[in-house]
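Chain A is the first sequence line, chain B the second, and so forth, proteins listed ahead of strands; every chain is numbered from 1. Since the model is a prediction, treat every value here as computed from it, not as a measurement.
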Amino acid sequence: MSSGPPPNVAIDLDLLEKEIEANEQSRKQQTYTDLSGNIAGVTPPTRTRSQNFDPSADPDAEFDTLDEPVWDTIRRDLRLVGAKFARVLKPDQNKQLLRDWDLWGPLFICVLLSLLLQGGVGGPHFTEVFSITFFGSCIVTANTKLLGGTISIFQSICVLGYCLLPLAVAAIGCKFVAFSSSPSIKLTIKLVITAVGFGWAIFASMGFLAGSQPEKRRLLIIYPVVLFYFVVSWLTLSYAS
Amino acid sequence: MSNLQFQDFNFGDLADSPFTAASSNSGQDYKPANKQHSIIPGLVGNTDEGSATTTSGLQNNVFSFKFYQQYFDVDTEQVQNRLLNSFIPKWSKNFITDYIQPLPDLYGPLWICITLIFSTAICGNLAHYIDTNGEGDSRPGNDFSLVTGASSLVASYVILVPFFIYCLLWYRKSAIQYSYLEILCAYGYSLSIFIPVSILWVVHYQWFRWSLIIVSLVLSGTVIVQWVWSAIKTDSNRMVAYGAVLGTLGLHALLAIAFKEFYFDSVILPQGRSSAPTIDSLPSTLSPQALVASSALAPAPSSNNTQENNVKGVAQNAVQSEQNKKPVADSQVRDDSQTQGNEKTNLTITEPKESTKAQLTSSSNKESKNEDGKPLQKNENNDETKKINQEHNTTTIKE
């Protein structure tokens, strides 16, 4: 075709580029949900504010927490962690809570599980259980990232760690069962408790991880999560007594 | 727009270019360029491997995330395809060239190995649990070490054996030289059949376990042999070719047998012996019990001296020991012992003892088999006396 003067061509190219960019962005927004979040605790000043503060000190709000008593800090963090525990135990539609990730909860749960499951005759050491739970969730996270998931690393570790809570509760339950009756009933009860914990953990983590995967690789991402919780459930079943 | 024309690359003019096969000489010289490989595809900018990664291969640092991401570039379908075809051999199909090239993935080998590690550990513990009928779930030093041992075994197998094959093919300048990651990928997928096999190994019968091994080895071994053979068959030294094929098959078999032996067949003796002292307060009544029990348990199968038959005998022992747990069912066997009141107490006391006896006899069966290798029919009496002597020895030592 006959060409126009060069400026027309330049404008066409610009428009074309803009169109392409717009298309790509809309496509990206369609396929992946928005999973951005901050580290928990660094929130807008209107949300978490201790009662003693002057409400007019808005621009310096994020520095106010440096002056507050340590007890306030600990209490606030504990409240957040407790809220996340409750959120895991009752999975509902509000996903914002787990998007503000923190690593206290997973650490606490991993240490608790390791203390419960370690020792015993022929059982794993504390280090072994801790490595399996903590670095296992890291490996599953790495797998998700490598396969192209859009969730961030720390958010994923946070979710996987928090969803271990039902299994920690199951481990505590199994320890109490050990003080009761005949072996076969004991085994059945432990099996039921552990199976319930396993199902709960899967359900809770699926609720959050569902939106972040590319379509064709969904099973590839879900399988390691299932394997991870299965291994931890087996550890709970075998060694919590 | 007239000046925007596509430039013609006239192949006739560029007869001496290295990228055309126009001249036969250059074709032959640069044929390796098409099959040029590196240890890790994508590290050198080849034209044929990993189409999307050639230009970016050089730019991806080993320490960057994107470098590893290119090896996880698979979809669910691809993984399923590779998985199924790794143990379904098809005639004249090469697993690597058909399914793994151009881009090997690391997702499959990684998660198959991890699943295999935990499935062997879990099912091994389950098998031990069933063997001892639940007497104590965790035994000394053996339980969690299954996980660590299995991980060492599987990891070294999947990493080292492909390396040896790669070195062999490279050294012999074979016709097809796969890259290291392709071989590793193939080996990772070939281990996938051992996952259901390890779950089925829980079933206690020896003949079943051996048949599982044979079936799985035939299936996955055929696939492995196919691609190894097609790479090495043009070797000038036939011994190397056959040796490579047999070596890979042998290593595969060795892995399976190692799993079976150490994880599913080993009977824990120390726990068994430790329960003996509580029963040794009645040695006099126990010896005819021992004699009769061992004669009930010991009859080895009739004539053949193959190992299978003897381990069948072990299976029979195990099965019979479980049967003997029923309290009074076998009382006719013990008719030559003392009074009935004594019998019943002895029965109740010797029940746990019988399991240990079964273990001891099974182990001594194995030992006697290893030592003699002869049919046990003729030597039954000798064996029985040997066993009674052994049991007497252990009881006396315990006291």
State, without any angle test, whether B:Thr115 and A:Tyr223 hold a side-chain donor-acceptor pair at a distance under 3.5 Å. yes
Between the CZ atom in B:Phe194 and the OG atom in B:Ser216, the distance rounded to the nearest 0.5 Å is 4.5 Å
Considering only heavy atoms, which portion of A:Leu220 lies under 4.5 Å from any heavy atom of chain B: side chain, backbone, both, or neither? both
Please state whether the side chain, the backbone, both or neither of B:Phe118 comes within less than 4.5 Å of a heavy atom of chain A. side chain
Proximal component of B:Gln80, with respect to chain A [non-hydrogen, under 4.5 Å]: side chain
Walk me through it: do B:Phe67 and B:Phe63 pass the test ring-ring contact (aromatic ring centres under 6.0 Å, His included)? CA-CA 7 Å; B:Phe67 177 76; B:Phe63 296 111; 9.3 Å; no
Under a 4.5 Å cutoff for heavy-atom pairs, which residue among A:Leu147, A:Asn143, A:Val231 has the most contacts with chain B? A:Asn143
Suppose we call two aromatic rings close when their centres sit under 6.0 Å apart. Are B:Tyr187 and B:Tyr157 close by that rule? yes
